[in-house]
2 protein chains.
Amino acid sequence: MHRSNDHSIDRSITAGADFLQLDPGQAPAGGLADWLARRLREAIGDGRLPVGSRLPATRVLAADLRVSRGVVTDAYRRLGEEGRIAGLGRGGTVVVDQFAPEAVPPTPPPAAQPPAARSTAARPGGTRPGPARPGPARDTTPAPASPFDGAPATTVFDSLRTAPARIDLTPGVPDLAAFPRAAWLRAERAVLRDLAAPDFGYGDPRGTPALRRAVADWLARNRGIRADPEEILVVAGAAQALALVGEVLRADGLDVVAVEDPGSLGTRQHLGHRITATPPVPVDAEGIRVDSLRAVGARAVLLTPAHQFPTGVVLGGARRRELLQWAADGGLVIEDDYDAEHRYDRPPVPALRGVLPEQVLYLGSVSKLLAPALRTGWVLAPTRYRNALVDAKRLSDLGNAALPQLVLAHLMESGALERHLRLQRTRHRRRRDATTAAVAAHLPGAAVHGAAAGLHLMLTFPDGLPCTDTELAAAALAHGVKVHPLSWHARLPHPPGLVLGYAAGTPGEIEEGIAVLGRLLREAGPPLQG
Amino acid sequence: MHRSNDHSIDRSITAGADFLQLDPGQAPAGGLADWLARRLREAIGDGRLPVGSRLPATRVLAADLRVSRGVVTDAYRRLGEEGRIAGLGRGGTVVVDQFAPEAVPPTPPPAAQPPAARSTAARPGGTRPGPARPGPARDTTPAPASPFDGAPATTVFDSLRTAPARIDLTPGVPDLAAFPRAAWLRAERAVLRDLAAPDFGYGDPRGTPALRRAVADWLARNRGIRADPEEILVVAGAAQALALVGEVLRADGLDVVAVEDPGSLGTRQHLGHRITATPPVPVDAEGIRVDSLRAVGARAVLLTPAHQFPTGVVLGGARRRELLQWAADGGLVIEDDYDAEHRYDRPPVPALRGVLPEQVLYLGSVSKLLAPALRTGWVLAPTRYRNALVDAKRLSDLGNAALPQLVLAHLMESGALERHLRLQRTRHRRRRDATTAAVAAHLPGAAVHGAAAGLHLMLTFPDGLPCTDTELAAAALAHGVKVHPLSWHARLPHPPGLVLGYAAGTPGEIEEGIAVLGRLLREAGPPLQG
């Protein structure tokens, strides 16, 4: 972003054959893909193709070089497997790591050494990527699916998600400094005092009766859902819920689940690990486009009706009726109610689950209520999936640990969690207001979306940006400020944008972080389009 | 066991066509399997085939009835899917539920109602089976694999495992009353005091650095394993470890893992859920038969070398060398080190992992050290599987919850866990001694195995029993005493036997429970064989 006198902006859009001085005539016979991969590797390594720059489409580069498209695809595949580049669906193919090691050519493994299973989250050595390097750590090995087919780019997302930053405006976490430590410890003391010895043994895989009761009460009070505690399955957060749901749906022959677009990349990854396809369905100002959903033809859809991630749209009344009609016609709605309790200006909309329980599979968690580190959530499934989900949970880990469940139940039943949430709402509203004020001051070209609820908001730049939003996020990270580019959460065409979580930062930090974004944009010059 | 004047004992071995007055001439044309299933259902329902009785082999019954074997197999399959009977491998096919509902014939589902995914652990309604009914609850739906191919009989195991009993001599749990509640709470207070806010967020899927360090230290001190904390993956107990390992091995093309026989049914279930086959390898007085392992031809084996479950055999020196040679030749050993720390008369044998780290995938947990309800364990994998396991864990649940990990790390590093273990060893030894004394007094026909270590011992009855061991366990449960029949943990031919956990009961309870077993056997009359 500070290279105002070079070609970085152009390059970032399409680093073509000319710019890279690629001449296939230099390639050894029969080794074109090898040669191209080597040249691209060099260009990434010496900074000609910096992190965040977009590679040309395979078709375009193949035409430029007058080679077959397979040569380019093969070279990209290798660099992808090395963790150097990643496909972001229609966001194109982007450089994500300047220093990834070259993949060792595969050799037939000796009998004693089966080849390493493919991996995407290799971060041994505890060396999380530093703030200046949003790409994956050096030892990252390839993503499970080809990075060029629109599948989630696990490496990229995961490394950005875990990269530390001075000012963390990542969406998806509540104010962690406000975790009610004293209340938790008091509840734990009460639980340990009252617990019967057998409760330390192997328990019900569905969860402790106390927590299932507390969750049922919570859902009735807060989400308009009437549930029998016996229907509730306690799980290790929404991530596990999605893994189990994917497993069960797939076993039931349902292996395509449509998802919102834009929509959470992490959610899509967890579900997509177990099923075959997650086709995108566009979201507009009223929420998911049910006409498009019908056109996609999937029998199930995963969505966030109370506060769409990342747009923040609340599913409109007409759209809601249309969706319920789709469900009543046989569709399965997977309702990810991830932050519905955080609503500032009016009460949260009731969950779809309350309306059509046999067509809505409901997921909730305490990750946004209390802390992601608790890894606790719940699933309410239609009757027909309930037993299979309990089985899947049991075969996965025999059930959540008992103590934290009981402590949480105590906090829910004593009213401590609702008190905490009320305090948090006030604090989050202040931070939300600080965010919108700072955006107005420092990012005059940005439109704010979804600020009425939740713990994040989305910015788009209707007049365009001087670079991709991924580049902007990478540059911000290099300056100690962490945000998500909208591109990470979108596969369909979309304006450039950012997703900003404001719950975990103080108003001062938020203002400072957004000022950094504004400064970067001013220094980068005029937008590329619009 | 109290039906001394009827034919129950004979029946329990083979309820043949004559006894059941089966006449295929009564069957409608083309509906032989239907007819046979109906007649067997009636016989189970009216008590002619009580829970625990063994059905004839399909071959034998087909010959008796002069029908094709497919007719019998088909009828058994239906009853199995209803949860009425279950295949226990070479233990035969056994009645497990008198009152299971008849399966509704499959009909094409309307679009709005996909068929229920198949399920094995249906226990909605919170109605755990009562002590008098060791079979599965009524609403139990079918096991995932055909129950007649030697696959685990999930329903049976799970219901017995979760059935409550006045005196619980189930193997696999430590003294739960001794859980160090005060030390846990103190450690939790310290953790909550010192924790940084970001530690409440999404963490490293491998586990918190503090626990990985503590586990590495623990393994060095107690198990002769030198491990870098970076190698350690924290998981939700051995159950999740096996699920993740199965997933990763299968993705690597390794979908047959040999297991010890006898060997833990639960362990086999968790692994078998992810891979294709778990062929049995016999165990003798020196441990697993490596010659048989070679003959089976599997590339991996799951075993419990420090204290074989359930026989209690410690892998002998020569056998250990033989096994390590098999591993060095390219085999993968999955070492389930489930209770190695509990050894009374000499120090525990070092783990195989310490000798051949690149051929041994090691699993440990705190389920037997502290409590199963903590759902905490660890995996040390050969380098080639490490990244894939981290991925699998991340995609399964993003990592264990942070707080319990940190509390446990505190207990391990402060020495509190080792103090607890020393106290427990003394107490467990006393209980072990009470058990062997009670067996000598009340079960003169029983041979005791594996009493030198661990938290359970195995009894066999070399002169036979007056019934199957499953029947004996069911009868004991009806009298409030819970033990595992050896048959649950064995698929190869074996003498009748019981597996008794003694850690969780007081010496008085243990004595009383074993006295009940003795009384049942005396009342049942002479053994059937021997």
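What you see is a predicted model; the values in this text were computed from it and never measured. In what follows, chains are A, B, ... by sequence order, proteins preceding strands, each numbered from 1.
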Applying a strict 4.5 Å limit to non-hydrogen atoms, the region of A/L242 in contact with chain B is neither

Give the member of B/V173, B/L185, B/L195 that has the highest number of heavy-atom pairs under 4.5 Å with chain A.
B/L185

Under 4.5 Å to a heavy atom of chain B? For A/D199 that would be backbone

Segment of A/K368 engaging chain B (4.5 angstrom heavy-atom cut-off):
side chain

For B/T376, give me all partners under side chain to side chain contact (heavy atoms under 4.5 Å, CB included), at least two apart in sequence or on another chain.
B/L211, B/V234, B/V366, B/L374, B/N400, B/L408

Pair count under 4.5 Å, heavy atoms only, with chain A: among B/G201, B/A236, B/A371, B/A402, highest is B/G201

Give, for atom CZ of B/F179 and atom CG of A/L403, the distance between the pair rounded to the nearest 0.5 Å.
5.5 Å

What part of B/P198 gets closer than 4.5 Å to chain A, counting heavy atoms only: side chain, backbone, both or neither?
backbone

Most chain B-contacting option - heavy-atom pairs closer than 4.5 Å, from A/P209, A/A373, A/A504
A/A373

Choice from B/R193, B/E247, B/E231 maximising heavy atom contacts with chain A below 4.5 Å:
B/E247

Looking at A/G246, A/G237, A/S396, which has the largest count of heavy-atom pairs under 4.5 Å with chain B?
A/S396

In Å, rounded to the nearest 0.5 Å, how long is the span from CG of B/D391 to NE2 of A/H273?
8.0 Å

Quick test of your reading: applying salt bridge (Lys or Arg N to Asp or Glu O under 4.0 Å), list the pairs with at least one residue in residues 171-192 of chain A, sequence neighbours left out, ordered by first then second residue.
A/D175-A/R427, A/D175-A/R431

Please report the shortest heavy-atom distance between B/S367 and A/Y202, naming the atom on each side.
CB-OH, 3.8 Å

Which bit of A/T208 is near chain B, if near means a heavy-atom gap under 4.5 Å: side chain, backbone, both or neither?
neither

What residue, out of A/A243, A/A182, A/A401, has the most heavy-atom pairs lying under 4.5 Å from chain B?
A/A401

Give a yes or no on whether the backbone of B/D397 and the side-chain of A/R375 come within a donor-acceptor separation of less than 3.5 Å.
yes

Selection from A/A196, A/P382, A/A238, A/A239 maximising heavy-atom pairs under 4.5 Å formed with chain B:
A/A239

